[in-house]
Structure formats: structure tokens, C-alpha cells
Amino acid sequence: MEISVQEQLWLLLSQIPEGRFTTYGRLAAMLPGVHARQVARILSQLPEGTQLPWHRVVNSQFKVSDFHGSGEQSERLRTEGLLVSASGRLPKDKVWPDSVL
DNA sequence: ACTGTGACCATCG
DNA sequence: GCGATGGCCACAG
């Protein structure tokens, strides 16, 4: 018996520390056979009251998607101490996991 | 099976 | 840096 893709995603998500973020593509790359679009879809279906840090996931350009116009994602990120630029971009040195140069 | 849609991505101008 | 384009994949109608 193997756990479902979305459960694996939930596990990964729960491990992103406060004040850091990752991307759909990075998460997808950690789950064999999963495409970024599938990650996005799963996140879009999280229940409203969830404790999982869905807001710590942005697109490949490190920008918040700001779906359905609510700036909630940016708000949450700023609350955690992340600097969100005017264009919605996040600092690349706060990506999770660490990208070593 | 076919079509349209979407919290994406890489590439190009 | 931006918008358009094609590719991708799961899902609803």
C-alpha cells in the first residue's frame, strides 16, 4: 500500500519552514511522475481551514500567483517576514530547500 | 472520444 | 521584464 500523491505533497508542504518558500516545479521534481500543473491543482483543492502552508508555494519565477484577486498569499508571506516586491517577487535566498551555488 | 479550463513552465520576441 | 505561444496533464461537461 502506497500513500497517494496528494498525501506525499502534503507531507512535503508541511516541511517548509516559516519564512521560506518553494515553487510548484521544485515540489513536482521531488515527486516522481508529477508535473507542476498537478501540484497546482492539488493545492487549489486544499480545504479552506487547512493548516498547511499553501502560501509558501509560488511559480517558477518566484512570484506569487495571486489567484482570484485576493492578495491573501502576499499578506501571509509578509506576516512571516518575507519581503514581497511590488511585482510580487520573493527573495531568491529564501527558497526551500537551499539552492547551493 | 473531444473540448475547454487552470494557484504551471520554458522559450521567444 | 513583459506578454504571447505551445506544451503539459488532470478533470468536468
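Throughout, a chain's letter reflects where its sequence line sits, starting with A, and its residues are numbered from 1. These numbers come from a predicted model, not from an experiment.
- One hydrophobic cluster, built from ILVMFWY side chains closer than 4.5 Å, holds both A:Leu9 and A:Leu46.
- Between A:Thr22 and A:Leu12, every side-chain heavy-atom pair lies at or beyond the 4.5 Å cut-off.
- Between A:Val34 and A:Leu27, every side-chain heavy-atom pair lies at or beyond the 4.5 Å cut-off.
- Residue pairs that meet the side chain to side chain donor-acceptor pair (under 3.5 Å) test with at least one member in residues 56-65 of chain A, sequence neighbours left out, are A:Arg56-A:Glu80.
- Using a 4.0 Å heavy-atom distance criterion, A:Ser44 is classed as a base contact.
- Taking A:Ser4 as the reference, A:Gln6, A:Glu7 meet the side chain to side chain contact (heavy atoms under 4.5 Å, CB included) condition, with sequence neighbours excluded.
- Applying the side chain to side chain donor-acceptor pair (under 3.5 Å) test to A:Arg26 and every residue at least two apart in sequence or in another chain returns nothing.
- Scanning for ring-ring contact (aromatic ring centres under 6.0 Å, His included) contacts around A:Tyr24 gives an empty result, with sequence neighbours left out.
- In terms of the salt bridge (charged side-chain N to carboxylate O under 4.0 Å, His left out) criterion, A:Arg78 has no residue partners (sequence neighbours excluded).
- Remark: A:Tyr24, A:Gly25 in residues 17-32 of chain A come within less than 4.0 Å of DNA chain B through at least one heavy atom.
- Shown for residues 2-14 of chain A: no residue has heavy atoms falling under 4.0 angstrom of DNA chain B.
- The side chain to side chain contact (heavy atoms under 4.5 Å, CB included) check on A:Gln73 picks up A:Trp54, A:His55, A:Val58, A:Val64, A:Phe67, A:Leu77, with sequence neighbours excluded.
- Here chain A contacts DNA chain B (any atom closer than 4.0 Å to a heavy atom, that is under 4.0 Å), and the contacts span B:dG6 to B:dA10 from 5' to 3'.
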Run the side-chain donor-acceptor check on residues 83-90 of chain A: report pairs under 3.5 Å with partners two or more places apart or on a different chain.
unit_1, atom_1, unit_2, atom_2, d
A:Ser85, OG, A:Ser87, N, 3.3
A:Ser85, OG, A:Ser87, OG, 3.0
A:Ser85, OG, A:Gly88, N, 3.4
A:Ser85, OG, A:Arg89, N, 2.9

Using a 4.0 Å cut-off on protein heavy atoms (strictly under), produce a 5'-to-3' string for nucleotides 1-13 of chain C with B for base contact, S for backbone-only sugar-phosphate contact, and - for none. -S----BBSSS--

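- Pairs of residues two or more places apart, or lying in two chains, that qualify as side chain to side chain donor-acceptor pair (under 3.5 Å) and include a residue from residues 29-53 of chain A are A:Arg41-A:Gln45.
- Residues A:Val57 and A:Thr23 approach most closely at CG1-C, 3.9 Å, considering heavy atoms.
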